[in-house]
4 protein chains.
Amino acid sequence: MSKQPDPTRRSERSRQAILAAARELVSEVGYAKLTIEAIAARAGVGKQTIYRWWPSKGAVVFDSILALSEPSADSGMALPDTGDIEADLKVVMRATVAEFADPAFEAPIRALTTEIINDPGLAAQYREKLAGPVDEAKKARLRSAQRAGQIAADADLDLALELLYAPLFQRWLLRSGPLTPEYADTLVDLFLKAMRPPLRH
Amino acid sequence: MSKQPDPTRRSERSRQAILAAARELVSEVGYAKLTIEAIAARAGVGKQTIYRWWPSKGAVVFDSILALSEPSADSGMALPDTGDIEADLKVVMRATVAEFADPAFEAPIRALTTEIINDPGLAAQYREKLAGPVDEAKKARLRSAQRAGQIAADADLDLALELLYAPLFQRWLLRSGPLTPEYADTLVDLFLKAMRPPLRH
Amino acid sequence: MSKQPDPTRRSERSRQAILAAARELVSEVGYAKLTIEAIAARAGVGKQTIYRWWPSKGAVVFDSILALSEPSADSGMALPDTGDIEADLKVVMRATVAEFADPAFEAPIRALTTEIINDPGLAAQYREKLAGPVDEAKKARLRSAQRAGQIAADADLDLALELLYAPLFQRWLLRSGPLTPEYADTLVDLFLKAMRPPLRH
Amino acid sequence: MSKQPDPTRRSERSRQAILAAARELVSEVGYAKLTIEAIAARAGVGKQTIYRWWPSKGAVVFDSILALSEPSADSGMALPDTGDIEADLKVVMRATVAEFADPAFEAPIRALTTEIINDPGLAAQYREKLAGPVDEAKKARLRSAQRAGQIAADADLDLALELLYAPLFQRWLLRSGPLTPEYADTLVDLFLKAMRPPLRH
DNA sequence: CACTAACCGAGACGGTACGTCCCGTCTTCGT
DNA sequence: ACGAAGACGGGACGTACCGTCTCGGTTAGTG
């Protein structure tokens, strides 16, 4: 029977200030050195106001990143579909490479990933709120390619996404190699070779 | 000009006690709640003895895992080579799946990965000391398959390893799906399809 | 521009617990072995609560002794005045001798003195808060004696107090000789001889 | 049956270096912040060499001050005796005032006093080695004055020294007033008044 | 239109851990 | 064998944050 705060009373001004402060501080000092006290101070907010609405530091950071992505999530979120799956995937993969190289994205995403690894709850939220919609858009494009006979009709699309993106993600996460547009292209080529439909005689 | 301790005077007894304590505590309380003080107390050691030889909590944990792997690293570290690359890879991949499922391995590896993500220095050490030897063994097996004409002779083997392992690693790291022997097999199948040498007429 | 804590929010309960713990611990282990950590633990208080309100160990001990004296300071604080300055001073000096011999007083006062010697700031506080009122009372009695023609009318009373008390204080502080009632009497006799008014014809 | 070090093997060079380092450091950082490690480092000596020959920090500092006084202690150590006790004492007292005002003397003496207060063993050593000879010289001068009928023949000379010096010492120790040549003179005047022999008719 | 309940900023509180300093002991090596 | 060097187990330091807990002071919505 614990006391739940009343969301209708919540100060939107404070919420925005907290998320903005969290975003800034993650970029400035990194996730590990980020503290609730610093967020509260930067946001001009009492600590209690943070503890009232978020259960953990990770949750705040997660929301702060989520808040960035939401506006674009409302809009279409569809991948290009020119009919040429290879060209379309290369465009998308090269864009992903560019995103990972952008320092403004890198710090928060790395922070978020760190937290997700050790918090299954956040991981679930991540898949639902952030990865989910994006993955759906990607799978929609692959389904279109299946219909066009460009990739195997019976392919497991979740697995397909892993095959395509996991090498890129791992190389970035562990810094185990350079992320270049050529690398993106090569991954697409290998992916298509693996997913190619069986030959008809 | 800074003062470095003299490694020849180092107490091997203390070193072992610290690494053992770190290993135990990571399993017991998890990496995030692991503290230097707890390691020192468990090891019966002064905190300064830890700070003297390791720059960070991450470095201690890294060494504690490294110490586990070293004995086996001395021995052969060769993968099975029956001539059947598909069968051999499936054995290895299934073993990897099993390893990731073992809670005794999972906790420290997850801890290590967390640390590696945010510490490029540790990441480099990881690649050199832990991943390196293993990857070399795997690439040796793939080279053997190249000689046997089972995979493309001009394939980039680092990339090949990423294609084969990254999906598995990512699924485990982000808990984005079940790790089963069948999954391991499927990855091998897709991998071989992608790496297959071009047909000669 | 530095951040001061707000005294109105101060916890009186904690303040009392800290002063009591400090008093007890000085008696138990002595001033040199007294630690802030032990005071905090005994008082059931966070260390920060001590550091927030006191600048040093010495200041805490000082306050803990001050707190003891304050209640009596409110009351009269007047010395006996029977008209016989010799008898009155001997009573007071013998009382001082007895006080110095009481182990319950000795430890904290010795601690306090140690700290005062090396901290001019504390020394000033000591004179204002502790020694000051007592000295005033003593000087009041001497002034009465001046009016009665028992000691020189033009005598410097601060100097007079030094002449009377310093030998006693020094013998106690340096343990350079026994503190007996007879010693007290002798000091009064010498003091009166030195302060006697000049003879009239 | 603990192992005693053999004094014949003792390195005089190290002993001197340690005492010099202690003297310097007391002046530089004060007694409270003085550490054995700093003394050892400054002296270019192992810590064990200090622990082998001295039981405590206080003992080292005591010896370091003692070493300064010893050369002069060997020589005469007699006070001036012009036959005029008042003039002679004023010279000596004014010299003491000047000594206390000298910062080079002040720091170590204050440190020494601090230690003596809390260590009865050191106090005894102090009286024997340092204060003793000086006091003897002073008492010799007073005895001469007794013979000359300038002070009471039956006066307790230890008490006399306290009466004369304690006010000065206390004022310096507690910083309770200015130390001036006039103050020294006044003390001598009062002292002589108190010690004056009884009138003969 | 007062009343009152909630959120809010602020920040003191009991704690835990930090990374550092120094203690006094012990060990190694060089002279 | 002593001395320099310094690693060791240990204890305390003073600081940074944790998450909880009052404090007034707004700020709604209700009676």
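Everything numeric in this text was worked out from a predicted model, so none of it was measured. Each chain gets a letter, A, B and so on, in the order its sequence line appears, and its residues count up from 1.
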Whether [X] contacts [N] is assessed here as follows: a side-chain N or O lying under 4.0 Å from the phosphate OP1 or OP2. Is that the case?
| X | N | value |
| --- | --- | --- |
| B/Ser14 | F/dA7 | no |
| A/Thr49 | E/dC7 | no |
| B/Trp53 | F/dC8 | yes |

Would you kindly give the [atom1]-to-[atom2] distance between [X] and [N], to the nearest whole Å?
| X | N | atom1 | atom2 | result |
| --- | --- | --- | --- | --- |
| C/Arg10 | E/dC13 | CZ | C1' | 13 Å |
| D/Lys57 | E/dG24 | NZ | P | 9 Å |
| D/Lys33 | F/dC13 | NZ | C1' | 12 Å |
| A/Ile50 | F/dC21 | CD1 | P | 18 Å |
| B/Arg13 | E/dC26 | CZ | P | 15 Å |
| D/Arg42 | F/dA4 | CZ | P | 16 Å |
| A/Asp6 | F/dT30 | CG | P | 11 Å |
| D/Ile39 | E/dC21 | CD1 | P | 18 Å |

TODO: With heavy atoms under 4.0 Å as the rule, sort B/Thr8 into base, sugar-phosphate or nothing.
DONE: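 Touches nothing.
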
Open item on the list: Under 4.0 Å, heavy atoms only, any strand: does A/Arg52 hit a base, just the sugar-phosphate, or nothing?
Closed with: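 Touches a base.
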
Task: Approximate separation, where rounding is to 0.5 Å, of B/Leu122 CG and B/Ile117 CD1 - done: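 These two atoms lie 11.5 Å from each other.
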
TODO: Hey, which sits more toward the 5' end of DNA chain F by its nearest nucleotide, A/Tyr51 or A/Arg9?
DONE: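 Taking each residue's closest nucleotide, the earlier one in sequence belongs to A/Tyr51.
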
Open item on the list: Closest-nucleotide mapping onto DNA chain F: is C/Ile36 or B/Gly44 further toward the 5' terminus? I mean the 5' end.
Closed with: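 Per heavy-atom nearest nucleotide, the more 5' residue is B/Gly44.
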
Any non-hydrogen side-chain atom of [X] less than 4.5 Å from a side-chain atom of [Y]?
| X | Y | value |
| --- | --- | --- |
| B/Lys57 | B/Phe62 | no |
| D/Val61 | D/Tyr31 | yes |
| A/Trp54 | A/Ile18 | yes |

Open item on the list: Assuming nearest nucleotide by heavy-atom distance, tell me which of B/Gln48 and A/Glu37 is located more 5' along DNA chain E.
Closed with: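 First, find each residue's nearest nucleotide; the 5'-ward one identifies A/Glu37.
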
Task: Residue closer to the 5' end of DNA chain E, B/Thr35 versus C/Glu12 (nearest nucleotide) - done: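 Result: C/Glu12.
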
Task: Proximal nucleotide (of E/dC13, F/dA7, E/dG9) relative to the B/Pro5 side chain - done: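 Nearest to the side chain of B/Pro5 among the choices is F/dA7.
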
Open item on the list: What I want to check is whether an N or O donor and acceptor connect the side chain of D/Lys47 with the base of E/dG24 at under 3.5 Å.
Closed with: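 Looking at the base of E/dG24, it does pair with a donor or acceptor on the side chain of D/Lys47 (distance under 3.5 Å).
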
- [ ] Indicate yes or no: does A/Arg42 engage A/Glu28 in a salt bridge with an N to O separation below 4.0 Å.
- [x]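 Yes, this pair counts.
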
